[in-house]
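Working notes, structure below.
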Amino acid sequence: MVASDRKYTKDHEWVLAEGEIATVGVTEYAAHELGDVVFLELPEVGTVVGQGETVGTIETVKSVEDLFSPVGGEVVAVNEAVLDAPETVNQDPLEAGWLYKVRIGDRSELDELLTADDYDALIGG
Amino acid sequence: MTTTTNDDTPLRSTPLTAWHRDHGARMVPFAGFEMPVQYRGVLSEHAAVRERVGLFDITHMGEILASGPGVEAWLDGLCTNRVSGMPEGKVVYTAMCRPDGGVLDDMLIYRLGRVDWMIVCNASNHDKIAAWVVERAAGVAGVTLDDASDRTAMIAVQGPEAAALTGRLAALSDSADALDALDFYTAFVLPRPGGRWIVSRTGYTGERGYELYVPYDDALPLWEELLALGGDLGVEPIGLAARDTLRFEPAYCLYGHELSEDWTPLEAGIGWAVRLKDRDFVGRAALQGQKEHGLPRQLVGLEVTAADAAGRERPAPIARQGAPVFCGDKPVGFVTSGTKSPTLGRSLALALVATGCDPADLSVEIRDRRHPVRTVPYPFLAARVKGDPRAAR
């Protein structure tokens, strides 16, 4: 069962909304399927991103995948620690492996995301 | 990795395919076969081979037997490296070229007996090489070809504990001396009830290791015996993804990456496997000409570097196959292979680059952005194999 305190996308990202700030990361399922993460490109603080926009990449030994922003807004923080130690995404995708935070522009966008139950069904949980 | 499979062609299996599936391997199509790309994870499998011992199912490789008194001279005329005069039990790494010097494939040549030879080629080039040798043998006296690829399984045992593990095999209990005496790039034949085994001190990881050629029916019992015998040594199965990172660090060429019909073995950095003197072979004139006039391009080692605003070093992106290389603003080449070296933790690449570029001006384009690179000598990691040209520089 996936963590119920957050919302999800079909691209296997999670969003944890706390007040006006949303924290974004990749799911445990994604971290497992991707394999060993060796490099991340994340948006810079101050960038304004739109929902569904490509905002970065996640690179493993074998492949490169785009990161899409699950929710629009201004990027207010980037996890510098995962840039230095990308393997954190594999080790702790839901907590220490968070990627970036945005100040949510339009809260209704959160309603378009998958609930934990929806996401659990998507990955065959 | 290139896949030559059409969607409507069923993938071939090896005697171990079901085992791989049953043991959690992620399976992928590779050169017409369904092969395991990873089990536990690329990095842990890579480390297992560098630190302990790993097993590889490489049954997809092609084995073509050539026998008869005419083979020695005939085969020498196809290989960039000298194979005539090889002692029995010797293995030689070579390329076969087109007349224009383009590489058809790289391969191992075994002299198993006086008139008993074996050509071991890449799976991705098997059909091409099988057709090439048949074509070139037409009308040649004393050459009989037998493509044994469909009945020959191949298991590689690689890593610091490979000798200890291989020495425990029941089938080798009477061959301890032969195994101990086996130098790098030598092999011996072991008669067995189900057909001969070939025990070869070769590999594609830069570690001490063996490659075992066995009849299909012997493959699964052998694989399971190796796993059972090697529990205390930390043996584990290794997928193709780690096979690629393991061969990349000591800069062993991979066909379709460093080697291609579109350039020569000299440009690809395997000039040590090209012997031009006192012999003739297909492609010789082209290679001789290139050597005299200078190589238009050459394989170089690159490290992608990255730093934050404060100049502090950061993990760098991987320059993958095809990434363009620039000298200043001028395109001068492309990456042939790149990865983050699991052992060294650096973003490294091999690239085919025009000769004469100023190393200080090189950059590589990754996802539409230029990244600074510095040239580094390869092998990036010296092969721990005495006698291997990639052992040290």
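Note on naming: letters A, B, ... go to the chains in the order of the sequence lines (proteins, then strands), and numbering restarts at 1 for each one.
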With chain A, which of B:Gly338, B:Gly41, B:Pro317, B:Ser347 has the greatest number of heavy-atom pairs at distances under 4.5 Å?
B:Pro317

A:Glu18/A:Lys101 ion pair, N-O < 4.0 Å
no

Is the gap between the ring centers of B:Tyr39 and B:His23 under 6.0 Å?
no

Listed by chain and number, what are the ring-ring contact (aromatic ring centres under 6.0 Å, His included) partners of B:Phe334, not counting sequence neighbours?
B:Trp263

In terms of heavy-atom pairs under 4.5 Å, which option from B:Ala316, B:Gly345, B:Ser44, B:Pro342 contacts chain A the most?
B:Ala316

Using 4.0 Å as the upper bound for N to carboxylate O, is an ion pair formed by A:Lys10 and A:Asp118?
no

Please look at B:Ala306 and chain A and tell me whether the side chain, the backbone, both or neither of the residue comes under 4.5 angstrom of a heavy atom of that chain.
neither

Answer yes if the ring centres of B:His20 and B:Trp223 are under 6.0 angstrom apart, and no otherwise.
yes

Roughly how far, to the nearest 0.5 Å, is the CD1 atom of A:Ile21 from the CG atom of A:Leu16?
11.5 Å

Residues two or more places apart in sequence or in another chain: which of them pass ring-ring contact (aromatic ring centres under 6.0 Å, His included) with A:Phe39?
none

Step by step, work out the ring-ring contact (aromatic ring centres under 6.0 Å, His included) result for B:Phe248 and B:Phe380.
CA-CA 8 Å; B:Phe248 173 79; B:Phe380 304 117; 5.2 Å; yes

Any residues in residues 30-38 of chain A near chain B, with a heavy-atom distance under 4.5 Å, and which are they?
A:His32, A:Glu33, A:Asp36, A:Val38

Strictly below 4.0 Å, N to O, side chains only: are B:Arg12 and B:Glu34 in salt-bridge contact?
no

Residues in residues 69-91 of chain A near chain B [non-hydrogen atoms, under 4.5 Å]
A:Glu80, A:Leu83, A:Asp84, A:Pro86

Taking B:Glu249 first and then B:Arg390, would you say they form a salt bridge - that is, a charged N and a carboxylate O separated by under 4.0 Å?
no

